[in-house]
Participant: 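Here you go, one structure.
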Amino acid sequence: MVLWIAHATMIGFFTFIFVATMQAFKLKLFRNLIFCLGVLLFVNATLEDISPLLNKITDLATGGKKFEMPAQGTITQNYDPPNHHGIDIAIQTGTPIFAQGEGTVIEARWDNIYGQAVLIEYDNGLQALYAHNKDILVKKGYPVIKGTKISYSGNTGNSKGPHLHYEIRQKGKVVNPFLYLRN
Amino acid sequence: MGEIAKSFFGPGTPGMIMMGVLLAGFITFVGERFLSSIGRGTWAVLFKTGMEVSAILAVVGVALKLLSKIFGLSQGSGF
């Protein structure tokens with residue numbers, strides 16, 4: 001909350017100064033553009049700062065749509081669309097990756113970007129992608145339960161080091177994985 | 001407070017675009033006055049229009065970037 005107030009104050013202050021300056025020079029279009037940018041920045045900052053609260057609400061609303069972390073390791077890259085659609089977890093090559101719930105393997109194949117990748121549709125309606133594996137242990141159509149070993153992690157495809165690239169998708173669209181992962 | 005300012009107005013941030021629009025406004029004002037004063041009225045109008053279009057495009061770019069982030073419109077890469 002304190003952070004949000006600090007962000008809002010900062011954005012409001014600078015937006016006001018800039019808008020007033022442009023008004024003084026009678027540059028109406030530039031004044032309006034700066035005002036629009038200020039509003040966008042404010043909305044963005046608000047959504048980012050209240051994301052912990054949104055997480056709690058989502059947790060309550062999703063009622064059980066929460067997974068354990070797919071692997072224990074350092075998160076080297078966060079969810080940052082459109083640049084990065086999932087999270088990267090640095091783990092050693094050969095680390096076993098397990099299914100996180102009951103579901104069905106809907107893709108298990110090579111992809112030029114994702115390398116050896118597995119896409120699972122879980123019974124809760126979410127899809128999870130496990131990419132850059134060294135070996136895949138399941139095939140398309142295989143049923144899985146929580147704990148089924150699906151692959152060994154690796155460094156295949158467009159990857160610069162051993163890690164697991166993990167995505168969550170809902171109705172085919174990528175979503176923030178942290179909304180569906182337990183802390 | 002310094003860190004917060006840096007995160008909003010640092011290189012590559014939307015705040016930087018806001019500073020850019022402010023600067024474009026100043027340049028437009030000065031350039032338009034200058035061109036008008038030397039009797040190049042048409043050039044002045046063209047210069048102002050060009051700067052305005054550039055500023056609009058910059059803001060639209062930031063708006064799309066922020067909106068896509070907010071609504072998570074981005075798709076996976078086809079897998």
Side-chain angles (χ1 to χ4, degrees), chain A residues 3 6-7 9-11 13-15 17-19 21-22 24-41 43-48 79-86 107 109-114 117-119 127 129 131 157-158 167 169-170 172-176 179, chain B residues 1-10 12-34 36 44-79:
Chain A
L3 190 66
H7 280 151
T9 308
M10 179 74 69
I11 295 165
F13 175 75
F14 279 103
T15 305
I17 296 290
F18 291 176
V19 164
T21 310
M22 290 294 101
F25 283 94
K26 292 190 171 73
L27 294 164
K28 283 184 184 172
L29 182 91
F30 287 94
R31 180 198 66 189
N32 293 340
L33 287 174
I34 286 173
F35 181 73
C36 289
L37 272 172
V39 171
L40 279 169
L41 272 173
V43 172
N44 187 50
T46 302
L47 286 176
E48 281 187 1
Y79 175 73
D80 180 27
N83 305 314
H84 197 243
H85 296 109
E107 289 287 354
R109 61 176 170 87
W110 170 265
D111 181 84
N112 287 335
I113 295 167
Y114 292 124
V118 179
L119 183 62
Q127 295 177 350
L129 175 74
N158 185 13
E167 286 181 14
R169 297 175 183 179
Q170 193 172 34
K173 283 184 178 176
V174 289
V175 292
N176 188 345
L179 296 176
Chain B
M1 210 65 176
E3 283 299 313
I4 294 168
K6 201 176 168 185
S7 70
F8 273 102
F9 296 100
T13 57
M16 186 75 183
I17 305 289
M18 192 188 265
M19 302 273 275
V21 172
L22 183 79
L23 194 64
F26 281 128
I27 293 170
T28 306
F29 180 79
V30 174
E32 190 188 11
R33 288 291 167 102
F34 174 72
S36 298
V45 173
L46 284 174
F47 177 71
K48 189 180 180 186
T49 308
M51 291 297 281
E52 284 178 350
V53 170
S54 306
I56 289 170
L57 289 176
V59 173
V60 169
V62 172
L64 289 176
K65 194 177 166 186
L66 289 181
L67 288 175
S68 69
K69 198 174 170 183
I70 290 165
F71 293 110
L73 295 173
S74 56
Q75 298 286 321
S77 54
F79 185 81

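In what follows, chains are A, B, ... by sequence order, proteins preceding strands, each numbered from 1. Quick note: numbers below take in every heavy atom, side chains included, and nothing from hydrogens, waters or symmetry partners.
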Participant: In terms of heavy-atom proximity below 4.5 Å to chain B, should A:Leu29 be classed as side chain, backbone, both, or neither?
Facilitator: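 The side chain, not the backbone.
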Participant: Ring centres of A:Phe30 and B:Phe29 under 6.0 Å apart?
Facilitator: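 Judged by ring-centre distance (under 6.0 Å), A:Phe30 and B:Phe29 do not meet the cut-off.
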Participant: Nearest 0.5 Å, what's the CZ-OG1 distance between B:Phe26 and A:Thr21?
Facilitator: 5.5 Å
Participant: Does A:Asn83 CG have over 12 foreign heavy atoms under 6.0 Å away?
Facilitator: yes
Participant: Among B:Ile56, B:Leu22, B:Val62, B:Thr28, which residue has the highest count of heavy-atom pairs closer than 4.5 Å to chain A?
Facilitator: B:Leu22
Participant: Relative to chain A, which segment of B:Ala24 carries a heavy atom at a distance below 4.5 Å: side chain, backbone, both, or neither?
Facilitator: both
Participant: Counting only heavy atoms closer than 4.5 Å, note whether A:Leu37 contacts chain B via side chain, backbone, both or neither.
Facilitator: both
Participant: Test side chain to side chain contact (heavy atoms under 4.5 Å, CB included) on B:Met19 and A:Phe18 and set out the steps.
Facilitator: CA-CA 8 Å; B:Met19 302 273 275; A:Phe18 291 176; 3.5 Å; yes
Participant: Looking only at heavy atoms, what is the nearest atom pair of A:Ile34 and B:Met18, with distance?
Facilitator: O-CE, 3.8 Å
Participant: Run the side chain to side chain contact (heavy atoms under 4.5 Å, CB included) check on B:Glu52 and A:Leu33 step by step: do they pass?
Facilitator: CA-CA 10 Å; B:Glu52 284 178 350; A:Leu33 287 174; over 6 Å; no
